[in-house]
J.: 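Below is a structure I'd like to ask you about.
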Amino acid sequence: MSNFSKVLVANRGEIAIRIIRACRELGLHTVAVFSEADRQAMHVRYADEAYPIGPAPSKDSYLRMDKILDVAKKSGAGAIHPGYGFLAERSDFSQACEDAGITFIGPRASAIAAMGDKAVARATVVAAGVPVVPGTEGEGSLSDEELLRVAPQIGFPLLIKATAGGGGKGMREVKAIEEMPSLLESARREAQAAFGDGNVYLEKLVEGARHIEFQILADMEGNTIHLGERECSLQRRHQKLLEEAPSPFIDDNEDFRQRMGAVAVKAAKAVNYANAGTIEFLVDKDKNFFFLEMNTRLQVEHPITEEVTGVDIVTEQLRIARGRQLSLTQEQVKMQGWAIECRINAEDPYNNFLPSTGFVSHHSVPTGPGVRVDSGVYAGFQISPYYDSLISKLVVRGDSRGQAILRMRRALEEYRIVGVKTNIPFHQRILEQARFIAGNFDTRFVEERFSLEQADEGRETHPEIAAIVATLVANQQAERSAHIIARGKRDTSNWKWISRWERMHQ
Amino acid sequence: MSNFSKVLVANRGEIAIRIIRACRELGLHTVAVFSEADRQAMHVRYADEAYPIGPAPSKDSYLRMDKILDVAKKSGAGAIHPGYGFLAERSDFSQACEDAGITFIGPRASAIAAMGDKAVARATVVAAGVPVVPGTEGEGSLSDEELLRVAPQIGFPLLIKATAGGGGKGMREVKAIEEMPSLLESARREAQAAFGDGNVYLEKLVEGARHIEFQILADMEGNTIHLGERECSLQRRHQKLLEEAPSPFIDDNEDFRQRMGAVAVKAAKAVNYANAGTIEFLVDKDKNFFFLEMNTRLQVEHPITEEVTGVDIVTEQLRIARGRQLSLTQEQVKMQGWAIECRINAEDPYNNFLPSTGFVSHHSVPTGPGVRVDSGVYAGFQISPYYDSLISKLVVRGDSRGQAILRMRRALEEYRIVGVKTNIPFHQRILEQARFIAGNFDTRFVEERFSLEQADEGRETHPEIAAIVATLVANQQAERSAHIIARGKRDTSNWKWISRWERMHQ
Amino acid sequence: MKYITTIDEKQYEVEILGPGQVSVNGHVYEVDFQSVSGQPIYSLLVDGQSHQAHVDQGEEGTLQVILRGALYTATIEDEREKRLKVAGGVGTAASGEFTMRAPMPGLIVKVAVEDGAVVKKGDVLIILESMKMQNELKSPRDGKVVRIQVKAGDSVEQRQAMLSVE
Amino acid sequence: MKYITTIDEKQYEVEILGPGQVSVNGHVYEVDFQSVSGQPIYSLLVDGQSHQAHVDQGEEGTLQVILRGALYTATIEDEREKRLKVAGGVGTAASGEFTMRAPMPGLIVKVAVEDGAVVKKGDVLIILESMKMQNELKSPRDGKVVRIQVKAGDSVEQRQAMLSVE
């Protein structure tokens with residue numbers, strides 16, 4: 001709409017940096033906001049300006065619309081990019097920006113609202129002729145009693161999903177009616193905690209389903225295109241872990257791709273969509289596909305689409321928000337090569353994927369041809385418990401899926417993070433699985449057919465090498481402890497300290 | 001020729017890593033060699049195997065053909081990749097590999113020999129109808145007296161160049177006959193030190209010249225193509241600093257590109273070339289172009305060609321060495337977008353570009369879309385005085401030259417290396433120069449029209465901010481020194497030491 | 001120096017013969033062992049094979065070795081069959097009482113058991129929220145819950161003791 | 001605390017008013033100053049503007065500030081007009097004798113002058129080879145060469161004194 005020259009980025013972590021970079025490359029000034037936990041975060045340093053907005057918990061900082069709008073006004077930012085998460089899918093925030101005369105870099109409030117309530121969203125797209133998974137569409141605020149009554153009609157297994165939700169939070173799988181009451185309770189509790197809204201709905205569980213999504217771009221004039229699909233079936237507890245583009249299930253079936261893409265465009269148009277968004281589908285093994293939901297924002301996994309189409313999605317978002325037409329037509333969209341993204345999370349794959357926090361003392365990222373890292377941490381950064389566990393997104397591009405897999409393997413082997421546990425070993429195992437390599441997996445693959453321990457069987461292992469390393473480390477530690485105790489007995493001279501400090505700082 | 005499955009990489013630093021990565025991505029095993037100074041180098045860890053080959057000085061390790069061939073035999077490597085520098089352009093090494101039944105990943109000994117002696121090279125390509133810069137072709141071993149006699153016929157200014165040389169070593173510019181004797185002496189001394197060969201030749205200095213080179217690929221069957229040009233005019237003391245592809249001087253003049261490319265292919269064919277190589281041209285302002293030399297190896301700046309053509313040159317080298325045909329024809333080569341490389345060197349741009357050595361305590365590389373870093377260092381690495389000063393190659397790709405420049409600017413601003421001085425500020429200044437942005441520069445630009453001090457004039461500066469930072473740092477240092485002295489007076493308990501050490505290692 | 005090192009229930013007799021030589025179950029290897037960047041990352045050349053390992057402290061004085069993406073848990077005992085105390089072990093006793101400590105800082109959503117409750121291995125004891133996820137912390141063994149030190153709504157620090165199972 | 005800080009021959013009166021407040025020539029700024037990763041990299045927010053600076057020790061107790069690719073050499077004196085000694089300054093005297101030290105380790109290719117030689121600013125004194133380049137080290141001032149301590153073929157360590165000009 002407006003020709004803004006300064007953008008406030010209402011987010012943190014890797015996505016804030018992604019957006020700041022795009023703005024810099026367009027000559028736009030950037031304004032960062034940060035919580036008390038994030039003064040040392042990279043986005044604070046990479047932006048042109050940075051302002052504190054409150055204590056560490058999101059609700060006191062990154063979710064505070066009032067403070068963020070204040071910073072926008074104070075700094076003269078003409079636009080706000082919400083990233084993903086936090087305020088990205090809050091229609092009231094989009095509206096508040098508009099009311100304040102600030103461009104919201106995302107869809108109109110009405111489109112967010114229509115797609116944000118999953119039940120309304122389903123009703124809307126059904127009216128436009130888009131197929132959906134059977135479930136409780138209509139009202140989103142059914143009581144437990146009503147849900148228990150309707151469940152047998154949908155059939156088991158089914159899913160309980162948070163009406164306001166996303167990212168697997170507040171989601172539960174129900175195999176039989178008996179376990180439903182307790183699962184409803186925990187789903188509502190988690191949804192309430194995550195979104196401030198405990199409403200849930202039911203949805204048939206499509207078995208053997210693949211999660212395939214289409215990237216949408218739409219300008220203010222209603223020109224709407226898709227940038228092909230992303231395969232997101234590799235999930236654990238409904239959290240995406242590894243995505244690829246194209247989908248090996250679609251691969252070179254261009255007709256199938258265009259059919260799904262056309263439906264995705266239709267769904268977006270049903271809510272008069274503008275800016276970047278994503279239509280998620282469930283696809284069964286017979287190539288039936290069902291609308292799942294629309295994410296009315298930039299998606300975590302957008303880089304893989306960028307790598308295979310050559311379209312910079314954030315740059316397009318900024319163009320669209322400035323009222324310009326899309327820079328390409330549907331016919332000009334070509335998927336070339338293959339891209340894979342591994343989400344590198346601070347969590348312990350050997351201990352039930354528990355989140356891991358701490359001081360990152362070393363961060364050596366893989367580089368070289370065909371490797372892209374979108375990261376929000378650096379050596380010296382403290383990973384706090386307040387925000388999500390995503391450390392970085394490791395993205396590779398290859399001419400073929402095979403090349404991309406080999407490239408990702410070497411990149412994972414090169415990646416070194418010290419200070420927190422990461423799920424890198426999990427990705428390494430996945431990439432060695434015959435079923436993964438064959439492209440033969442669904443959304444249940446990780447939970448049902450994969451465990452790190454099983455995966456370890458049948459592989460070449462190096463227990464002797466591990467024994468040597470462990471013994472040498474233990475031996476060194478024992479020697480060093482003895483040495484330190486011995487040294488402590490001597491007086492440490494002032495001058496040694498100073499010269500050590502000087503050496504460190506020269 | 002052979003179907004080798006294990007490759008010895010006879011190099012170090014970023015290029016060794018580049019080659020190891022390519023091998024890994026093809027499923028080939030790798031063998032690293034390392035000098036005593038390089039036990040901690042990344043290539044030792046990234047390779048599957050690694051063997052010491054002697055003391056730090058190159059002549060005792062990386063130049064020791066005998067030791068390297070021994071390692072190849074011992075480890076069962078079927079091929080050797082020489083990288084660039086060291087043994088890459090030694091025809092006797094190519095021959096020794098062949099004699100030992102090991103595939104040399106590069107051209108045949110005869111092609112290296114023909115192109116390695118600059119004088120012979122010129123004679124060879126002249127015979128094939130390729131234009132050359134006027135100079136002392138014929139014999140390469142003219143005496144000082146002979147050179148002084150022939151110099152006035154060539155005309156001044158002229159260049160003294162090392163017959164065995166490359167990379168600007170042993171090169172001197174002569175403006176008048178009077179200064180020639182002393183310049184001959186220093187050129188011969190430098191050439192002797194660098195290449196073990198003090199022979200030099202003379203060449204007319206083309207004024208206002210651009211240095212533009214063409215990437216060549218040729219398979220064993222004689223199929224020979226070019227991958228378009230690289231613009232390498234930005235040099236300091238004949239050392240390339242920043243390269244781009246395509247050249248802004250050629251830009252979209254496809255006819256000119258193909259004319260030069262055809263001549264480059266002709267020059268390569270004149271020596272029955274196989275594998276990857278580069279034909280360097282001087283181009284004057286009237287678009288006359290002259291053969292300068294052929295580099296019979298992988299070039300430092302090869303990544304920019306990869307980024308705009310999508311061809312992985314190292315992978316092609318491995319294919320060719322295995323006796324396979326080129327994976328594409330000349331017609332399939334397309335340059336798309338724009339790529340720039342900045343060579344990040346350990347040198348002090350504010351102190352006459354003196355090399356800088358030391359312990360890299362922090363290394364935070366730029367990442368994100370369109371950025372590639374080929375690096376050989378990491379936080380914790382000691383940069384020694386024994387090898388060249390290249391720390392890493394920062395490569396960006398954009399849709400247009402303008403986008404690539406903006407992207408490189410943001411990448412340079414993000415790049416943080418602590419422990420050694422680097423030429424990053426030099427690159428930042430170059431990228432702000434109006435003449436550079438306009439693409440209006442020749443090989444003398446850096447020396448004649450650019451200085452960091454002048455470049456600083458007229459820019460927005462922040463002396464007040466610098467004053468604040470400097471004062472706060474000095475204040476903190478003063479306080480800390482006082483604190484350390486105070487602390488030293490107390491006894492440091494054993495247990496504090498141990499718990500600190502534990503914290504560091506958990 | 002001679003050690004008995006156990007990896008995944010298999011024992012290895014590892015003897016450090018001197019700088020650059022190690023024997024494993026009597027087989028002698030040429031070894032070049034270096035830590036990288038002063039970090040718990042180690043570069044190991046064994047008869048020319050290059051390995052890179054990330055070594056962390058595990059529970060009960062073990063070492064966790066991550067090698068080519070695989071985890072090996074190692075227990076190292078010295079030659080007199082006495083367990084080697086490696087620095088920084090996590091404070092859970094091998095037998096007897098198990099103390100559940102917060103694996104990361106977070107907010108207690110729910111304490112799912114009461115003092116004195118009898119629990120089985122795998123029962124959920126505490127739900128802890130951190131990094132926007134609710135994590136169910138389960139009992140590693142059968143036993144009786146004692147000494148509950150946290151309640152819903154509490155913030156806990158990493159490694160803070162929350163309750164015990166005896 | 002009040003300082004006189006000189007940048008490129010211009011003086012700034014910098015007063016640290018307390019945490020978060022600095023005045024420069026009487027103008028008060030809100031300042032948030034933090035070092036990054038324990039490195040000599042600093043993040044500075046000045047009235048909301050975000051700056052990142054790399055600060056090194058310069059010669060003669062100065063500090064070198066690299067800010068957006070530009071170098072500023074700063075001399076900081078405390079309020080009593082006494083030069084502040086910052087730690088780790090390079091040992092070249094401000095006036096009087098200049099001692100040429102090796103800027104990096106390397107090999108002496110040539111000592112271009114003899115003891116007692118009179119040299120002008122810019123004259124080559126020593127040729128030092130390092131990182132495969134021959135580097136000409138020039139005299140920073142006019143003077144007389146004394147105390148030559150190296151000869152062609154010598155290896156030198158970083159900062160090793162090689163000769164003096166007085």
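Note on naming: letters A, B, ... go to the chains in the order of the sequence lines (proteins, then strands), and numbering restarts at 1 for each one.
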J.: Output the distance between atom CD1 (B/I405) and atom CD (A/E25), rounded to the nearest 0.5 Å.
T.: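 Reported to 0.5 Å precision, the distance equals 12.5 Å.
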
J.: Using a 4.5 angstrom heavy-atom cutoff, name the option from B/E14, B/Q403, B/R21, B/R24 with the most pairs to chain A.
T.: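 Heavy-atom pair counts peak at B/R21.
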
J.: How far apart are the closest heavy atoms of A/H362 and B/A379, and which atoms are they?
T.: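 Minimum heavy-atom separation between A/H362 and B/A379: CE1-O, 3.5 Å.
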
J.: What part of B/P303 gets within 4.5 angstrom of chain A, counting heavy atoms only: side chain, backbone, both, or neither?
T.: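 No part of it gets close to chain A.
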
J.: Answer with side chain, backbone, both or neither: which region of B/V371 has an atom nearer than 4.5 Å to a non-hydrogen atom of chain A?
T.: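 Contact with chain A involves the backbone of B/V371 alone.
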
J.: Please identify which of these residues, A/E413, A/E414, A/R410, meets the side chain to side chain contact (heavy atoms under 4.5 Å, CB included) condition with B/Y46.
T.: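 Among A/E413, A/E414, A/R410, the one meeting side chain to side chain contact (heavy atoms under 4.5 Å, CB included) with B/Y46 is A/E414.
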
J.: Assess whether atom CD of A/Q336 is packed by more than 12 heavy atoms of other residues, nucleotides or ligands within 6.0 Å.
T.: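 For A/Q336, atom CD is not crowded (no more than 12 foreign heavy atoms under 6.0 Å).
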
J.: Tell me, for B/R407 versus chain A, whether the close heavy atoms (under 4.5 Å) come from the side chain, the backbone, both or neither.
T.: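 Both backbone and side chain.
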
J.: For chain A, find which of B/R372, B/M42, B/H363, B/R45 contributes the most heavy-atom pairs closer than 4.5 angstrom.
T.: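 Top option by heavy-atom pairs under 4.5 Å: B/R372.
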
J.: Taking side chain as everything from C-beta outward and backbone as N, CA, C, O, which of these in A/V365 sits under 4.5 Å from a heavy atom of chain B? Side chain, backbone, both or neither.
T.: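 For A/V365, the contact with chain B is made by the side chain alone.
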
J.: Under a 4.5 Å heavy-atom cutoff, which of A/D374, A/V373, A/V395, A/D399 has the most pairs with chain B?
T.: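 Going by pairs under 4.5 Å, I would pick A/V373.
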
